[in-house]
Asks: 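One structure, pasted below without further comment.
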Protein chains: 2
Amino acid sequence: MRPDEAARLEEHGIKASAHRVAIASYVLHTDEHPSADDVWARVKQAFPMVSRATIYNTLNLFVEKGLLRHLVLTEGRLVFDSNVEKHHHFIDEGTGQIYDLPWDTLKVSRVKQIKGFDVRDYQVLLRGRKRGRKREKKSDSR
Amino acid sequence: MRPDEAARLEEHGIKASAHRVAIASYVLHTDEHPSADDVWARVKQAFPMVSRATIYNTLNLFVEKGLLRHLVLTEGRLVFDSNVEKHHHFIDEGTGQIYDLPWDTLKVSRVKQIKGFDVRDYQVLLRGRKRGRKREKKSDSR
DNA sequence: TCACAAAAGTAGATCTAGTCTAAAGTTGGA
DNA sequence: TCCAACTTTAGACTAGATCTACTTTTGTGA
């Protein structure tokens, strides 16, 4: 658990309780795109008494305060992304894994010229398969 | 109801029952991106006895046979798209409406060069607001 | 230090989209 | 006509997410 976690929450106008810090220290430092229940499972390892409602409350609070984004990319689950910068997403159709692609990996032209729509935000959504070995990533560090 | 509807189903290896034709004649000719329950509501106007399971069965069958695509773009609902060609999507953040953008409206470069991923398919997903008058579209014709 | 209001957390009920099941109805070819 | 395969049905079930009403914790100020 990072020492600066509480400070980070306060910076965003969130009172730092023990549960919130516990949730933050996982969800803000993973690139696994966990669902709410994934987060619950993880946080329960350390705090078995934490309720599902708290997980949902806290994640929604984080989204509202701009610490997280939530993504609707795959069926039946809302997933959280600690990367709040602009970026694209690749979905592995075999495993369901979601990967972030840095913004400048791709270039989208003519967005400005679309007629009749005010575009506030966009991203490219790619589907296919990740090549080579299954992802070896392990730790939460970023 | 189009006379050619049944033929279109058969072409795709789907036996044409009355319900299937009824569902097809709405869902294959709309650009409203309806959810399964939207389809149910609509089809019930003509066939009040149709069950929810049939709607789901039929829509899933259409997807499987390539007559429809299903999209997961907005929270909590799977939506169907009769446009099976490559295209992009714009979501109006005010109304939740989904609009199709023709493939060549935008140009995405460097997709081929992405390392470590086999891209099978991609699209640009834009969010913002549609400008001007609320959509005036009415009929199902295409 | 204590009192107490506001904030945070809780269990479990509820909601909703979607799937499953088992039975009934329909169809079409031998 | 018979029968097997297919289609449709009502309603049970599931899972993700939210809501509700209650309890616990926290922190401020007398």
Side-chain angles (χ1 to χ4, degrees), chain A residues 5-6 9-10 12-27 32-44 46-65 67-81 96 98, chain B residues 5-6 9-10 12-27 32-44 46-65 67-81 96 98:
Chain A
E5 214 58 72
L9 296 186
E10 308 269 341
H12 284 80
I14 297 169
K15 199 178 284 180
S17 71
H19 288 172
R20 287 176 176 174
V21 171
I23 294 168
S25 69
Y26 167 57
V27 83
E32 287 170 357
H33 303 86
S35 70
D37 279 3
D38 294 337
V39 176
W40 193 29
R42 176 64 85 101
V43 171
K44 272 202 294 195
F47 296 76
M49 78 300 295
V50 117
S51 88
R52 220 155 79 93
T54 298
I55 300 291
Y56 276 94
N57 288 343
T58 303
L59 291 173
N60 290 340
L61 181 67
F62 287 0
V63 169
E64 193 183 302
K65 299 296 187 180
L67 283 161
L68 281 181
R69 281 168 53 177
H70 64 279
L71 307 174
V72 192
L73 300 179
T74 47
E75 257 166 272
R77 45 192 255 148
L78 191 55
V79 127
F80 295 87
D81 192 343
I98 298 166
Chain B
E5 213 59 72
L9 297 186
E10 308 269 342
H12 284 78
I14 297 170
K15 199 178 285 181
S17 71
H19 288 174
R20 288 177 177 171
V21 172
I23 294 169
S25 70
Y26 167 56
V27 83
E32 287 170 357
H33 301 87
S35 69
D37 279 1
D38 294 337
V39 176
W40 193 29
R42 175 62 84 101
V43 170
K44 271 203 294 195
F47 295 76
M49 77 300 294
V50 114
S51 90
R52 220 156 78 92
T54 298
I55 300 289
Y56 276 92
N57 288 344
T58 304
L59 291 173
N60 290 341
L61 180 66
F62 286 0
V63 169
E64 194 183 301
K65 299 295 187 180
L67 283 161
L68 283 181
R69 282 168 53 176
H70 63 280
L71 307 173
V72 191
L73 300 178
T74 48
E75 256 167 90
R77 45 190 257 148
L78 191 55
V79 127
F80 294 87
D81 193 341
I98 299 167

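Note that the coordinates shown come from a computational prediction; the quantities given were computed from them, not determined experimentally. Every chain is numbered from 1, with letters handed out A, B, ... down the list of sequences.
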Asks: Strictly distance-based, threshold 3.5 Å: is any side-chain N or O of B/W40 a donor or acceptor partner for the main-chain N or O of B/Y56?
Replies: no
Asks: Could you check whether the rings of A/H70 and A/F80 sit parallel, tilted or perpendicular, using 30° and 60° as the cut-offs?
Replies: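 Taking A/F80 first and then A/H70, their aromatic rings sit tilted (interplane angle of 30° to 60°).
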Asks: Within the 4.5 Å heavy-atom criterion, are A/H33 and A/L71 side-chain neighbours or not?
Replies: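 A/H33 vs A/L71: side chains touch.
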Asks: Tell me the interatomic distance from A/E75, atom CD, to C/dG18, atom C1', rounded to whole angstroms.
Replies: 9 Å
Asks: Grab the NE2-P distance between A/H19 and C/dA7 for me, whole Å please.
Replies: 19 Å
Asks: Between B/I14 and A/A36, which residue's closest nucleotide on DNA chain D lies nearer the 5′ terminus?
Replies: B/I14
Asks: Over how many whole Å does the gap from B/L9 atom CG to C/dT27 atom C1' extend?
Replies: 16 Å
Asks: Donor-acceptor pair, B/E75 side chain versus A/V72 backbone, under 3.5 Å?
Replies: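 Checking the backbone N and O of A/V72 against the side chain of B/E75, no donor-acceptor pair under 3.5 Å is found.
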Asks: Do the side chains of A/K44 and A/R52 get nearer than 4.5 Å, heavy atoms only?
Replies: no
Asks: Do any N or O atoms from the side chain of B/E5 and from the backbone of B/A22 form a donor-acceptor pair under 3.5 angstrom?
Replies: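 No, B/E5 side chain to B/A22 backbone: no donor-acceptor pair under 3.5 Å.
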Asks: Nearest-Å distance, CH2 (A/W40) to C1' (C/dA11)?
Replies: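 One finds 10 Å between C1' of C/dA11 and CH2 of A/W40, rounded.
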Asks: Could you walk me through whether A/I14 and A/L67 satisfy the side chain to side chain contact (heavy atoms under 4.5 Å, CB included) test, starting with their C-alpha distance in whole Å, then the side-chain angles of each, then the deciding distance to 0.1 Å, before giving a yes or no?
Replies: CA-CA 10 Å; A/I14 297 169; A/L67 283 161; 3.5 Å; yes
Asks: For residues 50-63 of chain A, which residues have at least one heavy atom under 4.0 Å from DNA chain D?
Replies: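 Nucleic-acid contacts, sorted: A/R52, A/A53, A/Y56, A/N60.
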Asks: Distance check needed: C/dG9 P versus A/M49 CE, whole Å only.
Replies: 12 Å
Asks: Hey, where on DNA chain D does chain A first and last touch, going 5' to 3'? Cut-off is any atom under 4.0 Å from a heavy atom.
Replies: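 Endpoints of the contacted stretch of DNA chain D: D/dG16 to D/dC19.
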Asks: Kindly compute the distance separating CZ (A/R20) from CG (A/L9), expressed to the nearest 0.5 Å.
Replies: 8.0 Å
Asks: C/dG18 C1' sits how many Å from B/L71 CG, rounded?
Replies: 17 Å
